[in-house]
Amino acid sequence: MISPAFAADSAPFSSLIDVNFILINRIFVLAVTLLFFTSIFFIRRSRSQEIHPRIMSPIKLSIFGSLLLYAELAMSGMPSYQSVLQGVQTIIVLVCLAKLVNYLILDVYLRIHTQREVPTFVRDTVRLVVYLAAGIISLRLVFKIDLSAIVTTTTVITATIAFAMQSTLANALSGFSIQTDNLLARQNWISIKEKNLFGEIVNVGFRYTTLRNLENYLILVPNSVIMQSVVTFHGSKESVNKPAIQVDVMLGYDMPPEKAKSILMQALRDDTEVLEHPEPVVRLITLNDSGITYQLKFWIDDPSGRIRVQDAIYSRVWYSVNRAGYSFPFPHRQIISSEAKAPFTFSREHIAEELRQSELFAVLEAASITAISEQAPVMVFGPGEAVVNQGDGGSSLFMVLKGSLEVSVDGLVVGSIHEDSFFGEMSLLTGEPRSATVSALSEVWLAEVTKELMEPILVSNQSVLETLSSILAEREARTIHSQTIENDATSAGSLRKEDYLKRLKSFFRL
Ligand code: CMP
C-alpha cells in the first residue's frame with residue numbers, strides 16, 4: 001500500500017514515530033475509526049442519547065478517506081495525481097487517528113476514570129496536544145517540513161512564535177492555576193470589582209473562564225485577567241462558610257435608632273431566603289446630611305438570589321417604615337439668614353473707662369467722657385498697618401485703647417505711642433497735614449475723636465487745650481531732636497508750647 005516516495009521519506013523520521021506503521025496501516029486506521037465510531041453511533045442511538053459531532057465527523061471522514069484510497073489505487077498510472085491524493089489521504093488518516101485517540105482518552109478513559117464530565121480545560125489541552133502531534137507528522141510526511149528542526153535552529157522564528165503566543169500562553173498557564181484552585185471551581189460565585197463582574201463559574205477553558213451573571217449572560221473572562229485581578233469569592237450553594245451580603249438603608253432623623261433597627265431586623269427575619277444562622281445584623285453606620293445610614297448584614301444560601309433578596313428586603317422596609325408613620329429622608333438644605341457680625345465688640349463702658357485713664361481726657365467731667373465714648377467710632381488695626389500716613393490730610397485724634405504704635409518721619413522712627421495715650425492731635429489742632437506716619441506694632445484698638453467732637457470739649461476745658469499744647473510741643477521737639485536738627489529740645493519745646501497755645505486759642509476762637 002505504501003508508495004515508494006513515502007517509504008523513502010519516512011525513513012529519517014522513524015525515530016519519532018513509526019511512520020511506516022501509520023502509512024502501511026492506513027486502511028487499518030480508517031477501518032478501525034469507521035467501525036469504532038459507527039458502533040458508538042448505534043449504541044447511543046439505541047439508548048436515545050445525544051449524537052455529538054465528535055462521533056459523526058470521524059465517521060464521515062473515514063468514509064471519505066476510504067474513497068480517496070480507492071481513487072488513489074485507480075490512478076496508479078498517473079503518478080502526479082496519485083501523489084496529491086496520497087498527501088490528502090495521509091492527512092485524513094492522521095485526523096481520523098487523532099479523533100480516535102481524543103475520544104479514547106477523553107470520552108472513554110477519563111470519563112470512566114473520573115466518573116464525571118471532563119472539564120473543558122482538560123479536553124482542550126488533550127485535543128491541542130493530539131492535534132499538534134498530528135499536524136507535525138503531516139507536515140513531515142506530506143510537505144517534507146521538519147518543524148522541530150526549524151523551530152529549534154531558527155532563533156528569530158522561535159522568538160516570533162513565543163512573542164505572538166504571549167497572551168495565549170499566559171492564559172493557558174493561568175488556566176492551569178485556576179483549574180487547581182478550589183475557590184475557582186465550577187458553581188462558585190466570584191466578583192471582579194475592577195471589571196465590574198459578578199457571576200457563577202460555569203467553565204474553566206484553555207483561554208477563558210466562563211461566568212454566568214445574574215442576567216444569565218455568559219461572560220468569557222480571559223484566564224490571565226482572573227489571575228491578575230482581585231477576585232472576591234462569594235461561595236456557592238454548597239459552601240459551608242458563606243460570605244455575608246451587606247446593604248445600606250437610609251432612614252430619617254425623626255425615627256429613633258431603636259425603632260429603625262427593629263423595623264429593619266423584622267424585614268430581614270421575614271425573608272425566607274435570609275438564613276437564621278448566622279443571625280442577621282443591623283448596625284447604625286453614619287449620621288449623614290439628610291438621614292441616618294443603617295447597614296444590614298445577612299446570609300443567604302444561594303449567591304444567585306442576591307438581587308432578589310435585596311429587592312424583597314428593600315420593599316418590605318418601605319412598607320414597614322410608612323406603616324410606622326415615618327418617611328424616607330430626602331436631601332435637606334437649611335438656609336440661615338443673619339447679619340454679618342463684626343469680629344470685635346467693644347462696650348461703651350469700657351471705652352469710657354479707658355478715656356478716664358488717659359492723660360488727655362482724665363480731667364474731663366463725666367458728661368464729656370460719655371459723649372466721646374458714645375460717639376467715637378472704634379477701629380482695630382493689625383501689626384504693621386499704618387493708621388495715618390505722613391503728609392495725608394486729617395482732622396481726627398486717636399485714643400489708644402489697647403496696643404502700641406510706632407511713629408516715623410521720613411522713614412526714621414521718632415517715637416512710640418502706648419495704651420491710654422493718643423496721636424493725631426497735630427493735624428486736628430493745626431489743620432496741617434499729618435506730620436508723621438503712625439503704624440501699629442501690635443493689634444491696636446483706637447477710638448477716633450473727630451474735630452467736631454473735640455471742639456466743644458476744648459472750648460469748655462482750658463486744661464485740655466494746655467495739655468494738648470504741651471504734648472504737641474514736646475513731640476515736635478522730640479521729632480526734631482531725633483532728626484538732629486535741634487540740639488536743645490527742652491527749651492525749644494517750652495517755647496513752642498506757648499506758641500501752640502496761642503495758635504490753638506486763635507484756631508478755636510477762644
Ligand atoms: P499728626 O501730625 O496729626 O499725625 C501724626 C501724629 O504722630 C502726630 O499728629 C502726633 O500725634 C504723632 N507724633 C508726631 N511726632 C511724634 C513723636 N516724636 N512722638 C510721639 N508722637 C508723635
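Both ligands and their constituent atoms are indexed starting at 1 by order of listing.
- Between Glu354 and Asp420 the shortest side-chain heavy-atom distance falls below 4.5 Å.
- In this structure, Glu273 does not pair ionically with Arg306, as no charged nitrogen and carboxylate oxygen lie closer than 4.0 Å.
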> Between Leu184 and Thr209, does a side-chain contact (heavy atoms from CB on, under 4.5 Å) hold up when you go through it step by step?
Replying inline: CA-CA 9 Å; Leu184 297 171; Thr209 294; over 6 Å; no
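- Sorted by first and then second residue, the salt bridge (charged side-chain N to carboxylate O under 4.0 Å, His left out) pairs with a member in residues 256-267 form an empty list; sequence neighbours excluded.
- For ligand 1, the protein residues within 4.0 angstrom (heavy atoms only) are Val407, Val414, Ile417, Phe423, Gly424, Glu425, Met426, Ser427, Arg434, Ser435, Ala436, Val438, Arg475, Arg478, Thr479.
- Using a 4.0 Å cut-off between charged nitrogen and carboxylate oxygen, Lys451 and Glu455 do not count as a salt-bridge pair.
- Phe198 and His234 have perpendicular rings, their planes meeting at more than 60° on a 0 to 90° scale where under 30° would count as parallel.
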